[in-house]
Each structure stands twice: as C-alpha cells, then as structure tokens.
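What follows is a single structure, written as structure tokens, with notes after it.
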Number of protein chains: 2
Amino acid sequence: MDAKDQALNVARNCFAVRLRKLNRVVSRHYDECFRPFGLTVAQFNLLVAIAAREGTTPSELVASLSLEKSTVSRNVEKMQGKGWVTIGAGEDKRTQTIQLTKAGEALLEEALPAWKEAQKKTEKAVGNVSLLLKEISLT
Amino acid sequence: MDAKDQALNVARNCFAVRLRKLNRVVSRHYDECFRPFGLTVAQFNLLVAIAAREGTTPSELVASLSLEKSTVSRNVEKMQGKGWVTIGAGEDKRTQTIQLTKAGEALLEEALPAWKEAQKKTEKAVGNVSLLLKEISLT
DNA sequence: CTGTATTTGATGTATATGCAACTAATTATC
DNA sequence: GATAATTAGTTGCATATACATCAAATACAG
C-alpha cells in the first residue's frame with residue numbers, strides 16, 4: 001500500500017476525522033437556526049446546562065459538558081455581559097453560582113422552536129442521529 | 001413541565017449538545033497522542049486529506065472536509081510555514097495546488113502509530129465508535 | 001465582444017476551545 | 001497549628017472555526 005492509499009485509508013477510518021466533520025456540519029445547522037436570536041450553539045449548550053441545574057457552578061459545567069475550565073470561565077462571562085446569567089457567590093470563597101436571569105429564561109423559551117427546527121434539519125441532513133448517539137456511553 | 005425539566009429534556013435530547021461533547025472528548029484523545037509530534041488533530045486531518053489526493057486544491061479540501069474556505073486558507077498557510085506542504089500554481093490563476101513536502105510525508109509516517117493509539121483509546125473511552133459512525137451519511 | 005455573474009482565495013473580525021501558569025482558598029498531613 | 005497538596009477560577013497565549021467583505025480571474029448572457 002503506497003503512501004497515498006494509506007492516507008486514504010486513514011482519512012476514511014479515522015474517528016476524529018469523521019466525527020469532527022459531522023460536528024461542523026451539525027453545528028452549522030444549529031447556528032443557522034439560532035442566528036436570529038443572536039445565539040450560538042455553544043451558548044445555547046451552556047444556557048440549557050445552566051437552566052437544567054439552577055445555581056450550578058463553573059466546575060459542574062466543566063464536568064457535565066467536558067469543557068475546559070477556562071472555556072467555561074470566559075463563555076459564561078460573555079453570557080453575563082449579554083444579561084443572560086448572573087454570577088454570584090458560592091459556598092466557598094473560591095466557588096461561584098450561576099443563575100439564569102429573566103432575560104436568559106425568556107431567550108431559551110423563544111429559541112425553543114428554532115431548536116426543534118434544528119433537530120429536524122439535522123435528522124434530515126445526516127440520517128438517524130438519535131440511533132447513532134444512543135450508542136455512546138459518555139458520562 | 002417546568003422550565004428546569006424542559007431544559008433537562010433539551011440537554012439530554014439535543015444532537016448538537018451530545019455530538020459537540022463527544023467531539024471535544026475524542027478530539028482531546030487525538031490531540032494528546034499527536035502532541036509529541038507538534039501536531040494537532042485538525043492539522044492531521046488536513047495532512048491526510050492532502051496526502052490522499054496529491055495536488056489537491058483548497059476548494060477540494062473545503063468540499064471534502066466541510067470546512068469554511070477561510071479556515072482552510074489559514075490552516076494550510078500555517079502548515080506551509082511549518083514546512084509540511086507547498087502551495088503552488090493551479091490550473092487557473094485563481095486556484096492553487098497543494099502538495100505534501102518530504103517533511104510532511106515523513107511526519108505522517110511517524111505519526112501513524114500515534115494515530116492508531118488514538119483510535120484505540122477512543123474506542124476504549126467511548127464505546128463502539130465505528131458502529132456509531134457507520135450510520136452517518138455524510139458526503 | 002462587453003458587461004454581469006460566479007468562482008477562488010485572502011483578510012478583517014468574532015467566537016470557541018485548550019494548555020500552561022498563576023492566585024486565592026480550602027483541605028490534608030504531620 | 002504550620003506546611004504541603006489540592007481545588008476553583010482567571011489570564012496569557014495559541015489554534016480552529018465561521019461569516020462578511022473584498023479582489024482577481026474566469027465563465028456566461030446578450
């Protein structure tokens with residue numbers, strides 16, 4: 001097998017190559033649907049994660065979303081700037097608690113139809129994603 | 001269903017949320033394995049894509065990887081800076097052709113064991129990814 | 001042909017992401 | 001109780017990514 005065929009083989013069988021491409025395509029669908037709300041899919045992710053656990057902490061978000069702490073730190077700060085969340089004192093002087101504001105709740109509510117649309121769009125473009133993701137054992 | 005439960009529901013069922021998390025986790029495995037070579041998974045993606053079609057063009061990479069053209073432009077430029085690829089004249093005066101250099105080929109060769117390791121690591125951490133990706137109909 | 005539309009890349013700007021190094025606070029060790 | 005280790009978040013830096021806009025080249029319509 002020459003270098004070219006080997007590369008082709010890698011390109012076809014690499015989990016990362018395929019997953020990352022899928023990720024770009026799918027994320028684009030969601031970004032399109034959320035654009036009218038001035039919302040990105042990454043911000044939407046954080047919003048729902050925060051909404052699902054009122055009074056959560058950055059650390060919890062790090063764990064539940066497998067994000068780097070610095071990413072959470074900066075993205076949450078940005079969302080605070082937009083008035084969607086408030087950052088308050090936590091149990092420790094180290095920790096913080098994050099809450100949705102009224103505006104944040106309202107935004108989520110408004111964006112829900114767009115989310116449903118994105119879900120549909122994704123299934124249509126990519127196939128049976130539910131079935132696909134069902135298999136994954138991510139904590 | 002109150003707002004919190006609704007958010008939980010979205011968080012659990014959103015394709016983007018789950019896919020993006022999986023993408024981060026998996027990409028991290030590859031990045032770790034490639035780090036000793038000064039290579040990122042994104043660069044590896046491009047390298048194998050270029051190797052698989054010697055003399056490809058940015059446009060082709062855009063199409064085959066579903067990347068934005070500006071992303072390809074800048075990433076390929078960076079890889080040229082590292083001496084892994086050369087950018088030459090294309091058929092048009094608009095287009096370019098991209099070639100792996102000897103160093104680029106050598107790097108791919110060297111990194112192959114790391115890639116295999118990353119594949120294994122991923123299967124171990126995430127489950128049967130092959131089965132999972134088999135279902136996807138991405139062009 | 002000539003003027004318009006399309007294609008191909010480059011560049012400006014913004015977001016998302018991660019690693020390394022840092023600080024402050026807390027916990028564990030002795 | 002003092003010191004070491006760990007934890008929580010922030011900040012500096014770099015890469016990856018996308019959208020909008022631009023310029024140059026080519027293709028197309030008349």
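Each chain gets a letter, A, B and so on, in the order its sequence line appears, and its residues count up from 1. Quantities reported herein were computed from a predicted structural model and do not represent experimental measurements.
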Expected string for nucleotides 18-25 of chain D under the B/S/- scheme (protein heavy atoms, under 4.0 Å, primed atoms plus P, OP1, OP2 as sugar-phosphate) is BB-----B
Using the 3.5 Å cut-off, write out each protein N or O paired with an N or O of nucleotides 3-5 of chain C and the distance between them.
none

Kindly list each side-chain donor-acceptor pair under 3.5 angstrom involving residues 30-39 of chain B, sequence neighbours excluded, with atom names and distances?
unit_1, atom_1, unit_2, atom_2, d
B:Tyr30, OH, B:Gln119, OE1, 2.4
B:Asp31, OD1, B:Val41, N, 2.8
B:Glu32, OE1, B:Lys121, NZ, 2.7

Heavy-atom pair with the smallest gap, counting every atom of B:Lys4 and A:Ala51 = CG-O, 3.6 Å
Enumerate the residues from residues 46-61 of chain B whose closest heavy atom to DNA chain D is under 4.0 Å, giving them by residue number; use none for an empty result.
-> none
Here the distance between atom C1' of C:dT17 and atom CG of B:Asn23, to the nearest Å, is 11 Å
Separation of A:Glu91 atom CD from D:dT7 atom P, in whole Å?
-> 17 Å
Would you find a donor on one side and an acceptor on the other, under 3.5 Å apart, between the side chain of B:Lys21 and the backbone of A:Ser64?
-> yes
Hey, is the side chain of B:Asn75 poking within less than 4.0 Å of OP1 or OP2 on D:dT15, counting only N and O atoms?
-> no
For residues A:Leu61 and A:Leu67, determine if any side-chain heavy atom of one lies less than 4.5 Å from a side-chain heavy atom of the other.
-> no
Side-chain N,O (A:Arg20) to OP1/OP2 (D:dT17) below 4.0 Å = yes
Any side-chain heavy atom of B:Val62 sitting closer than 4.5 Å to one from B:Thr57?
-> no
Could you give the CD-to-P distance, from A:Gln96 to C:dA25, as a whole number of Å?
-> 13 Å
Would you say A:Ser73 reaches D:dT10's phosphate, i.e. side-chain N/O to OP1/OP2 under 4.0 Å?
-> yes
Under a 4.0 Å heavy-atom cutoff, the residues of residues 76-89 of chain B touching DNA chain C are none
B:Leu19 vs A:Leu22 side-chain heavy atoms within contact, under 4.5 Å | yes
Side chain to side chain donor-acceptor pair (under 3.5 Å) against A:Ser27, all qualifying residues, sequence neighbours excluded = B:Arg20
Determine which pairs satisfy salt bridge (charged side-chain N to carboxylate O under 4.0 Å, His left out) with at least one residue from residues 38-51 of chain A, sequence neighbours left out, and list them in order.
-> none
Roughly how far, to the nearest 0.5 Å, is OG1 of B:Thr71 from CZ of A:Arg24?
-> 8.5 Å
Where B:Leu65 and B:Ala49 come nearest, the two heavy atoms and their spacing | CD1-CB, 4.1 Å
With distance as the sole test, does A:Gln43 use its side chain to make a donor-acceptor pair with the main-chain N or O of A:Thr40 at under 3.5 Å?
-> yes
I'd like a table of donor-acceptor pairs (distance under 3.5 Å, sequence neighbours excluded) in which one partner is a side-chain atom from residues 5-14 of chain B, with atom names and distances.
none

Can you tell me the distance, in whole Å, between the CG atom of B:Leu39 and the C1' atom of D:dA16?
-> 14 Å
How close or far is atom P of C:dT17 from atom NZ of B:Lys21, stated in whole angstroms?
-> 14 Å
Provide the full list of salt bridge (charged side-chain N to carboxylate O under 4.0 Å, His left out) pairs with a residue in residues 40-50 of chain B, sequence neighbours left out, each pair given once.
-> none
Output every pair passing salt bridge (charged side-chain N to carboxylate O under 4.0 Å, His left out) with a member in residues 49-78 of chain A, not counting sequence neighbours, ordered by first then second residue.
-> A:Arg53-A:Glu60
To the nearest 10 degrees, what angle separates the axes at the start and end of the helix from C:dC1-D:dG30 to C:dC30-D:dG1, five pairs each?
-> 30°
Residue mapping more 5' on DNA chain D - nearest nucleotide basis, A:Thr97 or B:Asn45 | A:Thr97
Mind checking whether A:Ile87 and A:Val76 have side chains closer than 4.5 Å, heavy atoms only?
-> yes
Tell me the side-chain hydrogen bond (donor to acceptor under 3.5 Å, both in side chains) pairs involving residues 93-105 of chain B, sequence neighbours left out?
-> B:Asp92-B:Arg94
